[in-house]
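Here the structure is laid out as structure tokens; the discussion comes afterwards.
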Number of protein chains: 2
Amino acid sequence: MLSTPTPILRAGLRENRRKLTRPRQVVLEIISQANHHLTPAEIYRQAKMKYPHLGLTTVYRTLDLLVELGYVQRIHLAEGCHSYAPIAQSHGHHLVCSNCGRAEEFSDCDLEGLVQSLQGKTGYAIDVHVLELMGLCPDCQTKARGRKR
Amino acid sequence: MLSTPTPILRAGLRENRRKLTRPRQVVLEIISQANHHLTPAEIYRQAKMKYPHLGLTTVYRTLDLLVELGYVQRIHLAEGCHSYAPIAQSHGHHLVCSNCGRAEEFSDCDLEGLVQSLQGKTGYAIDVHVLELMGLCPDCQTKARGRKR
DNA sequence: GTACTTGCAAATTATTTGCACACAC
DNA sequence: GTGTGTGCAAATAATTTGCAAGTAC
């Protein structure tokens, strides 16, 4: 990852009529230098060392902005999720409608090949995977089309 | 999904020296009957109709138990995650060490085939996928081995 | 009878909002 | 100068914990 992301950030912000500010620089620097995923609180703590005046609220707002601009992505952990569904069989994954929340299950995720190859490359002992797909279900697609015209 | 999960629940609980109680029955019934993923708050609201004395705390504890026993699974949504990482390129996925939090990125997730086939079967218009792998990184494996003996 | 469970209240943690002031452009 | 961004304080939301009382076995 880039060690000085500021110039790129400046350009991206300008395109969107947003301003380059110290908090934004600092937050992006912290995330860029991390070899590690960080929670908002961790980012805040570290960023505050570079810019003590920083507020936690700003970190949250900045993270949203950076995700929106595509400089940062959210990581999904095994914890920190808020919905539950009945177990079908095997390890079920879900295809969730992003509009109405309806969910279909599937279990043939066919990740074995990927998992094997990553284990070989990285040396990790992979034991959990999270795979969830999202999109509009047929009904919501119909409704969405109806609304548009 | 089973419409009356109670007998199976009873057996599973007995195996683990846990007791079959009304709250546990009710919570599992609600989840089993849902064609939908549910948040703890939603489960609470619905379960309370069947058993008004129920407390929200119990719902949380029951969900943990049901997950542990394998009767229920957590669904991971695009929201509700708490960590951030720099964007590498394309849409990055992560392989996160469950012990130290270190993360490797990868983007060749090779889900196209799966996505296509699911779109065909279900009619969903899939536009987002969450894929995260977890396991012990090489360092943590070494340390874990050291600790055991 | 005993160990496991529960519900409540309170504590904790995470995140969001309103608003006056400050700053980048 | 103007509109965007900031920090603070307070509000809201989500989850966890301590504990006395209740209940399944």
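Not measured: the values here are computed from a predicted model. A note on names: the letters A, B, ... follow the listed sequences, proteins ahead of strands, and every chain is numbered from 1.
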Nearest whole angstrom, please: distance from the [atom2] of [N] to the [atom1] of [X].
| X | N | atom1 | atom2 | value |
| --- | --- | --- | --- | --- |
| A/Q25 | C/dC23 | CD | C1' | 13 Å |
| A/I43 | C/dA14 | CD1 | P | 13 Å |
| A/R10 | C/dC23 | CZ | C1' | 15 Å |
| A/D64 | D/dT4 | CG | C1' | 16 Å |
| A/L9 | D/dG5 | CG | P | 11 Å |

Query raised in the report: In Å and rounded to the nearest 0.5 Å, what is the CG to CD1 distance from B/L133 to A/I126?
Result: 5.0 Å
Query - Footprint string (nucleotides 3-9 of chain C, 5' to 3'): B base within contact, S backbone only, - free, heavy atoms under 4.0 Å - result: BSSBBBB
Query raised in the report: Which pair of heavy atoms, one from A/L63 and one from A/I43, lies closest together, and at what distance?
Result: CD2-CD1, 3.9 Å
**Report entry** A/Y60 vs C/dT16: side-chain N/O to OP1/OP2 distance below 4.0 Å
**Finding:** no
Query raised in the report: Does a side-chain heavy-atom distance below 4.5 Å link A/L9 with A/L66?
Result: yes
Report task. Please name all residues satisfying salt bridge (charged side-chain N to carboxylate O under 4.0 Å, His left out) with A/R61, sequence neighbours left out, ordered by chain then number. Result -> none
Requested in this report: Let me see the working for B/I8 and B/Y71 under side chain to side chain contact (heavy atoms under 4.5 Å, CB included), right down to the final yes or no.
Outcome: CA-CA 9 Å; B/I8 295 177; B/Y71 291 114; 3.6 Å; yes
Query raised in the report: Yes or no on side chain to side chain contact (heavy atoms under 4.5 Å, CB included) for B/K19 and B/L13, after CA distance, side-chain angles and deciding distance?
Result: CA-CA 6 Å; B/K19 291 169 182 173; B/L13 289 169; over 6 Å; no
